[in-house]
Amino acid sequence: MAHLPSRRLLPLNALKAFEAAGRHLNFTAAAEELSVTLSAISHQIRQLEELLGVPLFHRTKKGLVLSTEGQLILPDVQEGFDHLASALSKLEARRGEGTLTVSMLSTFAMRWFIPRLPRFEAQYPDIEVRITTSIKPADLEREGIDCAIRHGDGHWPGVSATRLFSESLVPVAHPKFTKGKDAVRKPPDLKGRKLLHSQNRREDWRIWLNAAGIKDKAIDPNSGPVFETRSYAIQAAVQGMGIAIMDPELAAEEIAAGRLVKLFDGTALPLTNAYWFVCLEHMADAPRIKAMRDWLVQDVAARSRPQS
């Protein structure tokens, strides 16, 4: 390789172009990601190749491939940019104020997190919380997200996870289902009733029925309307359309107001998964993130789930 420049003169734009093109193996995709023209990407990579004195890519019938030298340096270039991004994010987080971006499922945001948000903002008026929702786990580093609330077993690589509360399931319904001669008093009374589902939780009724020992084939855990989110299923239950299976934390407002009731003896079936506050490991002590995590843990403890 040719004589390399000092750190002060490193061609950062050319290295960015190489990293993006090496990741996509496509100059056009790299140009779109970096918001530059295709010719700019080609020019920057050509400059880098001239500086290094070696080719970094080869064009084949199957498309763009990295040369041997390109394969050699790409991981280190990527790691270098990751370190730069990490250093800048640490500096930003250490300010202790400003915007805090939190990712979570939309139903969880609407029904659990947002009702608590005014209390957090009252205690931390200098922290502006920005909520982003997705059905997929957020890539905290690549998407620029400070922290997230995830559902699962708490084992995710590269993140610090703090348990908030365990998940459970209980059938909930409009109070009319508990009155009259046709009231739903025992699990077998679900026969002939319309079961409500959410799209991403299609197994919840099956799990609960199995745990309750219900083997009556007339009670089909797959039957009944399917809604896009659990919020919609809760609203359908409030309207008396059928019986929903739900974590009582997500229907707490409706249960407290009497718009929904927990059926049978109200005992919720505990599940193995839980809700966790997560952030990148190296950001766990950043003031904004620590403030949110500690506040949520304390709020959950102070408003502990009622024992049914």
Side-chain angles (χ1 to χ4, degrees), residues 104-115 133-136 149-153 164-275 300 303-308:
M104 64 195 75
L105 295 170
S106 61
T107 294
F108 190 89
M110 183 184 304
R111 310 201 65 86
W112 192 89
F113 186 78
I114 292 176
T133 62
S134 172
I135 62 172
K136 297 180 180 179
I149 298 177
R150 289 185 183 171
H151 169 260
D153 60 9
L164 295 177
F165 61 88
S166 295
E167 185 182 29
S168 61
L169 293 175
V170 67
V172 295
H174 188 282
K176 72 178 183 180
F177 284 90
T178 64
K179 299 173 183 177
K181 62 179 183 179
D182 294 326
V184 179
R185 295 187 175 90
K186 302 184 297 294
D189 296 336
L190 290 170
K191 182 177 179 179
R193 303 291 183 170
K194 189 178 292 184
L195 305 184
L196 307 179
H197 308 262
S198 61
Q199 181 62 47
N200 293 320
R201 303 295 300 252
R202 293 300 303 273
E203 290 299 306
D204 283 355
W205 266 117
R206 184 185 303 279
I207 291 169
W208 188 89
L209 289 169
N210 285 341
I214 302 302
K215 299 179 180 180
D216 188 340
K217 293 184 179 179
I219 304 176
D220 183 357
N222 296 313
S223 67
V226 179
F227 298 89
E228 185 177 3
T229 69
R230 283 179 287 178
S231 278
Y232 295 157
I234 290 170
Q235 188 58 38
V238 168
Q239 298 301 318
M241 291 178 59
I243 300 171
I245 186 74
M246 196 62 53
D247 188 314
E249 281 287 314
L250 301 183
E253 180 181 341
E254 287 76 11
I255 293 169
R259 296 191 294 273
L260 288 178
V261 294
K262 293 187 281 187
L263 296 184
F264 314 124
D265 62 359
T267 300
L269 172 69
L271 302 180
T272 56
N273 284 338
Y275 289 95
V300 169
R303 302 168 188 273
S304 57
R305 301 166 66 121
Q307 299 300 311
S308 306

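These numbers come from the heavy atoms of this one structure, side chains and all, not from hydrogens, waters or symmetry mates. No experiment lies behind these values; they were computed from the predicted model shown. Counting from 1, the numbers follow the sequence of the chain as shown.
- Annotation: Y232, atom OH; neighbour count of heavy atoms from other residues, nucleotides and ligands within 6.0 Å does not exceed 12.
- The distance from atom CG of D204 to atom CG of L209, rounded to the nearest 0.5 Å, is 10.5 Å.
- The closest donor-acceptor contact from the side chain of D247 to the backbone of S168 lies under 3.5 Å.
- Applying side-chain contact (heavy atoms from CB on, under 4.5 Å) to L263 and the options D189, I245, V172, V184 leaves one that passes, V184.
- Looking at R259 and E253, a side-chain N of the basic residue comes within less than 4.0 Å of a carboxylate O on the acidic one, giving a salt bridge.
- Interatomic distance, W208 CH2 to L271 CG, rounded to the nearest 0.5 Å: 12.5 Å.
- With values rounded to the nearest 0.5 angstrom, L105 atom CG is found 8.5 Å from T133 atom OG1.
- Residues I255 and P248 approach most closely at CD1-O, 4.1 Å, considering heavy atoms.
- At a threshold of 4.5 Å between non-hydrogen side-chain atoms, the residues F177 and R193 count as touching.
- Atom CG of L250 is separated from atom OG of S231 by 8.0 Å, given to the nearest 0.5 angstrom.
- For the atom pair CZ of R150 and OH of Y275, the computed distance is 14.5 Å after rounding to the nearest 0.5 Å.
- Side-chain N or O atoms of H151 include none that pairs as donor or acceptor with a backbone N or O of M104 at under 3.5 Å.
- Side-chain contact between L196 and P225: present, with at least one pair of heavy atoms (C-beta onward) separated by less than 4.5 Å.
- In this structure, CZ in R185 is found 8.5 Å from OG1 in T178, a value given to the nearest 0.5 Å.
- Judged by distance alone, with hydrogens and angles left aside, the side-chain atoms of W112 form no donor-acceptor pair with the main-chain N or O of T107 at under 3.5 Å.
- For the 3.5 Å distance criterion, the side chains of R206 and N222 qualify, holding a donor opposite an acceptor.
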